[in-house]
Amino acid sequence: MRHIISILMENEAGALSRVAGLFSARGYNIESLTVAPTEDPSLSRMTLVTRGTDEIIEQITKQLNKLIDVVKLMDMTEGPHIEREMMLVKVNTEGNRREELKRDADIFRGRIIDVTDETYTIELTGAGTKLDAFLETLDPEVIVEVVRSGVSGIARGDRALRI
Amino acid sequence: MELTGAEIFVRALQDEGVEIIFGYPGGAVLHIYDALYKQDKVEHILTRHEQGATHAADGYARSTGKPGVVIVTSGPGATNAVTGIATAYMDSIPMVVFTGQVPTHLIGNDAFQEADNIGITRPCVKHNFLVQDVNELAQTIKKAFYVASTGRPGPVVVDIPKDVTAQKAEYHYPEKISMRSYNPVQVGHAGQIKRAVKLMLGARRPMIYTGGGVILGNAAESLTELARALDYPVTNTLMGLGGYPATDPQFVGMLGMHGTYEANMAMHHCDVLIAIGARFDDRVTGNIEKFCPTAKIVHVDIDPSSISKNVKVDVPIVGCVDKVLKAMLKVLKEGKGQPDAAAIKEWWQQIDEWRSKDCLKYDRDSEQIKPQFVVDTFYKVSNGDAYVTSDVGQHQMWAAQYYLFDKPRRWINSGGLGTMGFGLPAAMGVQLAHRDAMVACVTGEGSIQMCIQELSTCLQYHLPIKIINLNNRYLGMVRQWQEFFYQGRYAMSYMESLPDFVKLAESYGHVGMLIDKREDVQPALEEAMQLKDRLVFMDFITDQTENVYPMIPAGGGQNEMILV
């Protein structure tokens, strides 16, 4: 199953490589990984998407907790949560495709943030599956470039990852 | 008053109570060596190779429980230390390793003797630190000792750039330290402990299986008390030997790949398994699909990630082994439950039947020197009271099988990583920590050559180690596998150009003995023990084709042993 694990860690040099190193050394897979400092500059928050059986996910969370720099972590997928990812897509608009691409972007609540004679750059936010769906609606030939931020997540309601 | 980084380093070691530091100097740590020179509280032991320094510190740590301390220079100094660091990591040995680093402004520049020590050691340390500011040096050293020696212990690397050792700062060594991201668990969950005791008392065929955690957690006394209160059989892992007295009738021997028949059979047939400070290593479990098929499992460990990693357990308890065992004893004493005496009696009858196979028998009348006979005889002449280090291979298994350890911290070997070359330098660390004790290194002609240069260190510091070289002119364990599983194709397991170990020992200033007759074994060992102030290298020419039995072949279950 797919899990989103959020981690609060000391904002120290090398913290990211400890997590990445753990995953490669133990053969766990990482689908995406994002990291940035929080409102407290001494802490970084990392969001990691991985897949595995319950046993593997249990080992992953235990091994992450064992890293000395990890202060706290939460498996978002254990409760209701919101998942968001941002994507920028540059598409080729040549050959009377402008209107159709504009419509597609609107349907997915995307915004066109840059325009040239031959291209649109569309910004789209949502769960990973929504971004996948948008890419699937596009003719692969029009896609010039895709950039995805990786997943961020936050728990719904009172549940919060903080120290 | 302001001190230089190098002076802070030395003061911090003194304030931490460090008595001995093992190391090897070089460019990046010269300021530190200068500061070490100007004091006499911390003794520096110069090894002949950085690997030797780390293993010596490791042996010191294993035999005392105190963290071993190492200092090496940047680049090759640090990379040479990696094998020793990884060895300590796999066996959870507390160690603090200081590595020199090029000056901060040169880091990343491919400077002379530069290596990414933090990156290289990251997968084999409990934690590592790069000190970028002299103001953080003392605090970082405190953290390093704290992390290394608490929770599940392990090696910690502190990388110190040369300029940091020259800069000045106010010295203040914190008495205590707390880290918001690191709070190892102490006591076990009371409810889980009660559940465990209930399950244990309901057992008809119980088995206590303990590992290195009992040694590291100083829990041997509590374990003995608990096992005797219950009258349950006890087995130890290779790392756990000495955690329960080996001469006690409740001890059924080591378990695992080369464990005893009775220990492995009892594991296979038990209905409640009480695992304490052990980690279900593949050399213990054999084929995991066939492991303890009828057992409910209680697992006590300080590291949550050890629990249900290889084998799913029924009652997990996270905590200090000693504290959990004491809590179990309290529950036992307060409760009304008793073990099922009739069932336990029947179980012991079954175990004694397995025992009667005498799985460790060997040809005692053989004309050739049997390696088992050497260890057996050494056990007798040393009254079972020596510190025994070993290297890796057949001799290691024979030492574990035939030397009966009644006390913890007496058996010093590289169990997890299986590092050849460990034995001699580890023995140096043990001897330096216990100057008057009998310290022996049981080794083979393959392993001993991997750190043979340390014979020179032994001369410099007058370390009267007794080296018992079981010389079969083969890389014995490799040869055994090739005999069993590769139809006797002995690829590169034969050593055709061995040195004359007697002359070699003599050239290093020690005593060498060649023993090639069975009747000379005991007199030689006795003579060596009489030479209390000399290192004696005993080269025993043993039966070339002797194998280690019993053996669980790869993929086998614990009840599928090859016997003699």
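Residue numbers start from 1 in every chain, and the chains themselves are labelled A, B, ... in the order their sequence lines are given, proteins ahead of strands.
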(request) Name the region of Asn183(B), side chain, backbone, both or neither, that has any atom closer than 4.5 Å to a heavy atom of chain A. (result)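 For Asn183(B), neither part sits under 4.5 Å from chain A.
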
(request) Side chain from CB out, backbone as N, CA, C, O: work out which of these in Arg122(B) comes under 4.5 Å of a heavy atom of chain A, or both, or neither. (result)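 The side chain, not the backbone.
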
Crowded around [X] [atom1]? As in, over 12 foreign heavy atoms under 6.0 Å?
{"X": "Ile154(A)", "atom1": "CD1", "value": "no"}
{"X": "Arg159(A)", "atom1": "CZ", "value": "yes"}
{"X": "Arg2(A)", "atom1": "CZ", "value": "yes"}
{"X": "Lys90(A)", "atom1": "NZ", "value": "no"}
{"X": "Arg180(B)", "atom1": "CZ", "value": "yes"}
{"X": "Asn96(A)", "atom1": "CG", "value": "no"}
{"X": "Arg148(A)", "atom1": "CZ", "value": "yes"}

(request) Take Asp69(A) and His127(B) through the side chain to side chain contact (heavy atoms under 4.5 Å, CB included) test and state the conclusion after the steps. (result) CA-CA 9 Å; Asp69(A) 281 339; His127(B) 196 57; 3.6 Å; yes

(request) Just give me the residue among Glu10(A), Gln63(A), Glu58(A), Arg18(A) that pairs up with chain B most often, heavy atom to heavy atom, under 4.5 Å. (result)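 Ranked by contacts with chain B, first place is Arg18(A).
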
(request) Keeping the roles fixed (side chain from Gln59(A), backbone from Ser305(B)), state whether a donor-acceptor pair exists under 3.5 Å. (result) yes

(request) Taking Lys66(A) for its side chain and Lys126(B) for its backbone only, find out whether a donor-acceptor pair lies under 3.5 Å. (result) no

(request) Using non-hydrogen atoms and a 4.5 Å limit, figure out which bit of Ser42(A) sits close to chain B: side chain, backbone, both or neither. (result)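 Looking at Ser42(A), backbone and side chain both touch chain B.
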
(request) Give, as side chain, backbone, both or neither, the part of Leu22(A) having an atom under 4.5 angstrom from any heavy atom of chain B. (result) neither

(message) Would you say that Asp303(B) contacts Lys62(A) through its side chain, given a criterion of any heavy-atom pair below 4.5 Å between the two side chains?
(response) no

(request) Locate the shortest heavy-atom distance separating Ile68(A) from Ser181(B); write the atom from each residue and the value. (result) O-OG, 2.6 Å

(message) Any salt bridge linking Glu55(A) with Lys309(B)? Criterion: basic side-chain nitrogen under 4.0 Å from a carboxylate oxygen.
(response) no

(message) Taking 4.5 Å as the heavy-atom cut-off, does anything in residues 129-146 of chain B contact chain A, and if so which residues?
(response) none

